Protein chains: 2
Amino acid sequence: MNKRFNNPSIKDIAREAGVAISTVSNVINKKGIVGTETEKKVLKALEKIQYRPNIIARGLRTRSTSTIAIIVQDIVNPYTSHVIKGMEEVARKRGYTLLIACTYYDIREEKKQIDVFLDQFVDGFVFLGGYDNQGVVRRVYDRGIPLVSVDREIDDPDIPYVLIDNLEAMKKAVDYLCSFGHKKIGYVTFRFEYQSTSRNRYLGYCKGLEENHIDYDPEIVIIDDYMKLNETEGTFEVVSKFLKKGALPTAFACISDVNAFGLVKALKAEGIKIPQEVSVIGFDNISFSNFMEPPLTTIKQPKKLMGATAMNLLLDMVEKKKVENKNIKLPTVLLERDSVGPPPK
Amino acid sequence: MNKRFNNPSIKDIAREAGVAISTVSNVINKKGIVGTETEKKVLKALEKIQYRPNIIARGLRTRSTSTIAIIVQDIVNPYTSHVIKGMEEVARKRGYTLLIACTYYDIREEKKQIDVFLDQFVDGFVFLGGYDNQGVVRRVYDRGIPLVSVDREIDDPDIPYVLIDNLEAMKKAVDYLCSFGHKKIGYVTFRFEYQSTSRNRYLGYCKGLEENHIDYDPEIVIIDDYMKLNETEGTFEVVSKFLKKGALPTAFACISDVNAFGLVKALKAEGIKIPQEVSVIGFDNISFSNFMEPPLTTIKQPKKLMGATAMNLLLDMVEKKKVENKNIKLPTVLLERDSVGPPPK
DNA sequence: CCCTTTAAAAAAAACGTTTTTATTGCTATT
DNA sequence: AATAGCAATAAAAACGTTTTTTTTAAAGGG
């Protein structure tokens with residue numbers, strides 16, 4: 001179509017240097033045997049003519065395009081975007097570009113996107129926070145294309161992953177609340193049937209209660225069906241409803257900061273003081289949690305590091321480097337801020 | 001490399017249907033003349049063999065790959081990610097995938113990224129919120145590749161854009177403050193020399209003052225050099241420093257919500273009540289602004305709509321449809337919440 | 001009945017690489 | 001002196017499409 005903008009090709013270099021095309025290719029890719037004299041000629045020609053290899057043509061031959069596909073559920077999510085940032089920096093440094101697709105929690109959409117990416121010969125996949133959907137991931141794996149799952153433990157020993165220990169981290173949060181003397185600790189979560197992260201945090205909550213000899217009380221486990229609205233709004237609504245019933249615990253653990261925001265807003269709307277009357281601990285440490293009032297005590301996830309780690313792992317696999325460990329769990333930190341205190345007397 | 005996963009090609013279809021390759025191609029692309037009988041045969045073969053065209057091969061021939069490159073400064077930004085979401089949805093619906101790259105405010109990085117994308121034969125570019133850097137954008141334009149600038153007014157009549165009227169919108173904010181009787185209105189901004197959006201908002205602030213017969217006072221224009229930290233942190237610091245000096249205005253207009261958060265936090269840290277002592281108005285309406293305390297009055301940008309509009313415009317250009325208007329300004333709305341009130345007596 | 005036109009289909013070229021195979025010229029070996 | 005081996009290079013094939021060109025067969029015109 002825009003012929004007039006035709007880039008110089010390897011052919012032009014070959015003509016300029018007076019050698020064969022294959023020789024130029026060998027020089028560029030440092031393959032095969034080329035004499036030092038000829039190499040010099042080619043290099044000079046490359047210098048003179050401003051040449052950039054046609055990645056599409058190369059991709060057709062080599063079946064690799066130096067691109068990595070990222071599949072996320074929703075790009076509008078402070079957690080997600082930080083992880084992506086970590087991936088992006090590593091990918092770029094190592095010479096890859098990122099194709100990003102969002103599934104918006106639709107499993108058919110996910111499948112379609114993957115097919116498109118397979119058509120495009122991406123070199124690898126990152127699945128960031130999807131469902132526990134072995135099938136679709138397995139399909140990619142079975143084609144022999146490297147992939148990494150981030151923030152999801154896929155129930156398939158072959159699939160590499162990068163995560164935090166969600167169970168342990170949430171238990172840590174509950175332990176922390178207990179250390180202040182809380183005996184009645186509620187939990188705010190969105191639905192957790194479909195993915196390991198939420199499930200494990202929930203299990204961490206349960207284990208925390210158990211180890212601290214507190215009985216589990218389903219009455220104070222608030223489940224936000226977050227498909228309806230954004231998570232903060234949704235939590236605000238469902239918590240507001242909950243508060244009408246009374247039965248208030250002295251502390252809440254939240255599955256994420258975003259949900260904690262909704263909880264806090266609902267509590268404040270009822271005139272409940274934090275942390276004097278109710279303590280709140282979040283999870284993720286997204287940037288605003290330090291700017292709400294009171295600053296939110298939370299479990300910090302190493303978001304950028306997770307992204308960077310995942311991308312390095314993936315690219316090592318793409319480049320067939322030896323990787324020692326394909327199952328990586330990164331550490332979390334409890335950030336003490338001002339939303340947790342002792343229970344009221 | 002993974003030969004064993006070889007997809008069926010157009011050749012296989014041709015063999016199955018007993019026709020020539022070119023005929024199959026014609027059927028697939030609905031081009032040329034094929035008899036109804038042969039067409040049926042091909043269609044049947046396509047049905048039988050699960051065929052997906054090789055996009056790379058097609059791209060090599062047609063020089064188009066159904067991908068769009070998005071260049072942003074930083075993906076970790078609530079504004080940015082919402083705009084991207086709008087673009088993503090449209091692109092997907094129209095059969096394109098998105099390549100995303102971040103420049104992190106580095107102009108050389110931007111140039112490098114663009115070169116990579118040009119190598120990859122992307123069909124179009126979106127420049128989302130970069131510098132007023134005609135050169136690099138112009139280079140793309142001159143290669144005949146469609147592009148759209150979002151949230152930046154590029155000083156080049158050829159370059160299509162999608163924006164809001166930043167000057168008018170900020171003036172609206174100042175007018176709103178004045179309607180409460182404020183006479184001393186400060187402004188919080190990051191550095192605005194390098195890009196049109198910030199500059200125009202600043203001009204809107206100035207115009208707002210002028211039309212309301214208020215003298216411009218450089219003492220109460222607070223400039224945050226946001227390159228140092230994240231914007232909220234940066235603003236918090238610079239405002240805190242400012243507050244030590246006294247000379248407090250009764251209201252502030254902010255270049256963005258993110259900066260407003262920093263301002264509000266700094267004010268609260270000094271025990272200053274909002275809006276009783278100082279009013280604050282933000283810009284953007286990112287989701288958290290409704291959850292801070294007090295909920296932030298702000299100018300709402302149609303973020304998703306901007307993204308969707310830009311992508312539709314771009315794809316129309318890519319597909320050589322006729323586009324009537326390549327310079328689009330979308331409307332803003334002032335959201336009245338609780339951070340603005342009358343000045344103290 | 002031959003020539004021209006036309007519709008339909010097939011064949012071939014092209015896109016720009018990488019990779020495989022072939023050629024060349026030389027040296028060493030027998 | 002013929003041949004094997006080797007290094008260096010060139011030539012050709014291949015990747016899977018689209019597009020251009022050629023071929024085929026049938027119809028129409030004089």
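First the proteins, then the strands, lettered A, B, ... as listed; each starts at 1. Computed from a prediction, not measured in an experiment: that's the story for all the values here.
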Legend entry - Test item: B/Ile84 and B/Val72 side chains (from C-beta on) under 4.5 Å apart, heavy atoms: yes
Inset, instruction - Report yes if the side chains of A/Tyr79 and A/Asp151 come closer than 4.5 Å at any heavy-atom pair, otherwise no. - result: yes
Distance below 4.0 Å between [X] side-chain N/O and [N] OP1 or OP2:
X: A/Lys31; N: C/dT19; value: yes
X: B/Thr62; N: D/dT18; value: no
X: A/Thr38; N: D/dT9; value: yes
X: A/Asn29; N: C/dT18; value: yes

Students often get this wrong, so: under 4.0 angstrom with heavy atoms, is [X] touching a base, only sugar-phosphate, or nothing?
X: B/Tyr51; value: sugar-phosphate
X: B/Ser22; value: base
X: B/Ile21; value: base

Legend entry - Quiz item: B/Thr23 side-chain donor-acceptor pair to C/dA9 base, under 3.5 Å: no
Legend entry - Any N/O donor-acceptor pair, B/Arg61 side-chain to D/dT18 base, under 3.5 Å: yes
Inset, instruction - Report yes or no: does A/Asp12 contribute a side-chain atom to a donor-acceptor pair with the main-chain N or O of A/Ser9 at less than 3.5 Å? - result: yes
Inset, instruction - Without swapping roles, check the side chain of A/Thr23 against the backbone of A/Val19 for a donor-acceptor pair under 3.5 Å. - result: no
Legend entry - Nearest-angstrom distance from the residue atom CD1 of A/Ile33 to P of D/dT9: 10 Å
Inset, instruction - Nearest-nucleotide wise, let me know which of B/Phe121 and B/Gly35 is further upstream toward the 5' end of DNA chain C. - result: B/Gly35
Legend entry - B/Ser25 vs A/Glu37, nearer the 5' end of DNA chain D by closest nucleotide: A/Glu37
